[in-house]
Enquirer: 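Structure provided below as structure tokens; questions to follow.
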Amino acid sequence: MAEARRFALVDCNNFYASCEKLFAPTLAGRPVVVLSNNDGCVVARSAEAKAIGIAMGVPWFKIAATAESQGVVALSSNYALYADMSNRVVEVLSAFTPDLEVYSIDESFLDLSGFRHLDLVTYACQIRKRVARWVGLPVCVGIGPTKTLAKLANHFAKKRPSFEGVCDLMSLDEPTLAHLFSETPVDEVWGVGRRIATRLSEMGIETVEALRRSDPVWIREQFSVVLSRTVRELNGASCLSLEAVTPPKQQIMASRSFGSLVFDVEDLREALAHHVSRAAEKLRFQGDEAGALTVMIRTNAFKPAEPQYQRTVTLPLATPTSDTLHLIAVAHRILDDIFRPGFAYHKAGIMLSELRPTTAQQANLFGLPPQDARRQAAMLAMDEINRKWGRGTVRASAAGHRAGWQMRRDRLSPAYTTSWSDLPTALAL
DNA sequence: TCTGGGGTCCTAGGACCC
DNA sequence: TCTGGGGTCCTAGGACCC
């Protein structure tokens, strides 16, 4: 039998809120929340904000008055800052193992199977210390023989102070594990969301321990192969491997709620052109072209009393392309088809799908070149300029400048680390 | 006034084929 | 008892993740 693997999950604590605190000493000790786009919902909370009971995902407008009277500082999402800090963390982690999977903006899996000869708790403490010292962010480390258990271990490392930020499940004996698992609700398991947790609970499975003890074959019949795999992983059988290389995306989406309601088709045209521009740029960076484009427009579903309208239409492209201008034209053609006047539009978006590598392109039936070479060169030049001088330096005129649809970010902090003009100033007194 | 955005995978069911 | 059976492709929808 193969020797058990060792996975670690390194997760930044309260990542967005921690990034904000790092560059704003005035926030020290204060409850801080970070809001989603359009300053909509709470998507991150500092320890102080959690302590006063602010829930994850709650709409800010519902709690703003109370929260502000409690001294809560709310900030808009500053993705430029978070992405840059995330890269710094990954850079530090990379020195600890060559086998690393960047799972999300604030989490990475490390394969530590080759480090069995070391005391992994000590190793993980070194990881924590170095990230804190070199980047300035707090992280917790969970270790286990499978990714699912490493995730769970990370949860214990975060929630149980006795672990001091590092939990290696493989260093615990079986009775301790069983005790820990029987105190933990089943929805803490990676892959068990609200729906499945409810159904499991109806079957009498309420804790991690109960799920671990259930029969994977029965689980497969009742639920799916996915959940039965989770059960096996909870029992130490590694089913999910480390994905060191990010597979290319199969679809690229770009959508946004509007900063205020939109009635005018011209605003929708601009918003769609803007979304297409962003998605097409990602598409070209990935070296792909798209074989289909989807346009979505919708009114506000949270206002059932208002007239509702929603359409999503996908158009296959005769010739796959990554040309922003061509894709904008297609998006506008779809919009002309589905737009209905008289509705208060709340959100619009696009999706590029049936992606394939640009090199695989073929001439179409009529023998025309698949893409005007000069246009392609223009796209690449545009990307180069935008990479060098900042996003949006050169853009399609159709993406325009009307204010009606732009999102709100009234509480944005400076781009401390990615913009010269936003560099923080330190004073030595 | 005000409720995010971007992804993946799996399943079920229908159409179609031999 | 048993009304053929099994494969593929596609789509829509559901579930999950951060």
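From a predicted model like this one, the values you see are computed outputs, not experimental measurements. Letters A, B, ... mirror the listed sequences (proteins, then strands); counts begin at 1.
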Enquirer: Could you check whether R212(A) makes a cation-pi contact with F181(A), meaning its NZ or CZ is under 6.0 Å from the centre of the six-membered ring and within 45° of the ring axis?
Expert: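 No, a cation-pi geometry is absent between R212(A) and F181(A).
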Enquirer: Which value, rounded to the nearest 0.5 Å, describes the distance between L35(A) atom CG and L75(A) atom CG?
Expert: 7.5 Å
Enquirer: How are the rings of F156(A) and F163(A) set relative to one another: parallel (under 30°), tilted (30 to 60°) or perpendicular (over 60°)?
Expert: tilted
Enquirer: Considering only the C1' atoms, how many Å lie between dG4(C) and dC16(B), rounded to the nearest integer?
Expert: 16 Å
Enquirer: Would you check if the side chain of S228(A) reaches a backbone N or O of I219(A) as a donor-acceptor pair within less than 3.5 Å?
Expert: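 No, S228(A) side chain to I219(A) backbone: no donor-acceptor pair under 3.5 Å.
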Enquirer: Can you tell me if T146(A) and S238(A) form a side-chain donor-acceptor pair at under 3.5 Å?
Expert: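 Per modelled atom types, T146(A) and S238(A) side chains form no pair under 3.5 Å.
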Enquirer: Identify, between N300(A) and Q251(A), the residue whose nearest nucleotide on DNA chain B lies closer to the 5' end.
Expert: N300(A)
Enquirer: With heavy atoms under 4.0 Å as the rule, sort V192(A) into base, sugar-phosphate or nothing.
Expert: sugar-phosphate
Enquirer: So where does chain A start and stop touching DNA chain B, 5' to 3', when the test is distance under 4.0 Å to a non-hydrogen atom?
Expert: dC2(B) to dT11(B)
Enquirer: Taking the inter-plane angle between the rings of F109(A) and W190(A) on a 0 to 90° scale, is it parallel (under 30°), tilted (30 to 60°) or perpendicular (over 60°)?
Expert: tilted
Enquirer: Classify the nucleic acid contact of A254(A) as base, sugar-phosphate or nothing, counting any heavy atom under 4.0 Å across all strands shown.
Expert: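 A254(A): backbone/sugar contact only, no base atoms under 4.0 Å.
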Enquirer: Determine the contact category for W60(A): base if any of its heavy atoms lies under 4.0 Å from a base atom, sugar-phosphate if only primed atoms, P, OP1 or OP2 are that close, otherwise nothing.
Expert: nothing
Enquirer: Using a 4.0 Å heavy-atom cut-off, does V189(A) contact any base of the nucleic acid, only the sugar-phosphate backbone, or nothing at all?
Expert: sugar-phosphate
Enquirer: Heavy atoms under 4.0 Å, any strand shown: does I252(A) hit a base, just sugar-phosphate, or nothing?
Expert: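 Sugar-phosphate contact only - I252(A) comes under 4.0 Å of backbone atoms but never of a base.
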Enquirer: Could you check F96(A) against F115(A) for ring-ring contact (aromatic ring centres under 6.0 Å, His included), going step by step and ending with a plain yes or no?
Expert: CA-CA 10 Å; F96(A) 285 90; F115(A) 298 80; 8.9 Å; no
Enquirer: Base, sugar-phosphate, or nothing: which does D39(A) touch, judged by heavy atoms less than 4.0 Å apart?
Expert: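 Contact class for D39(A): none.
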Enquirer: Under 3.5 Å for both distances, Watson-Crick or G-U wobble, that's the pair rule; now give the dot-bracket for DNA chain C, with | marking pairs to another strand and [ ] for crossing ones.
Expert: ....||||||||||||||
Enquirer: For R278(A), report the nucleic acid contact type (base, sugar-phosphate, nothing); a contact means any heavy atom under 4.0 Å.
Expert: sugar-phosphate
Enquirer: Categorize I196(A) for me: base, sugar-phosphate, or nothing, with a 4.0 angstrom heavy-atom threshold over every strand shown.
Expert: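 Sugar-phosphate: the residue I196(A), judged by heavy atoms under 4.0 Å, touches backbone atoms but no base.
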Enquirer: Need to verify one output field. Residue with the more 5' nearest nucleotide on DNA chain B, V43(A) or P248(A)?
Expert: V43(A)
Enquirer: Test your reading of the model: is there a side-chain donor-acceptor pair from R232(A) to the backbone of P216(A), 3.5 Å cut-off?
Expert: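 Such a contact is absent between R232(A) side chain and P216(A) backbone.
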Enquirer: Hey, can you pull the residues of residues 209-245 of chain A with a non-hydrogen atom under 4.0 angstrom from DNA chain C?
Expert: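 Residues of residues 209-245 of chain A under 4.0 Å from DNA chain C: none.
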Enquirer: What nucleic acid atoms does H275(A) come within less than 4.0 Å of, heavy atoms only: base, sugar-phosphate, or nothing?
Expert: nothing
Enquirer: For R284(A) and T324(A), does a side-chain donor sit closer than 3.5 Å to a side-chain acceptor?
Expert: yes
Enquirer: Would you call the rings of F343(A) and Y309(A) parallel, tilted or perpendicular, where under 30° means parallel and over 60° means perpendicular?
Expert: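 Parallel, since the angle between the ring planes stays under 30°.
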Enquirer: Ignoring hydrogens and angles, tell me if any N or O in the side chain of S76(A) forms a donor-acceptor pair with the backbone of R411(A) under 3.5 Å.
Expert: yes
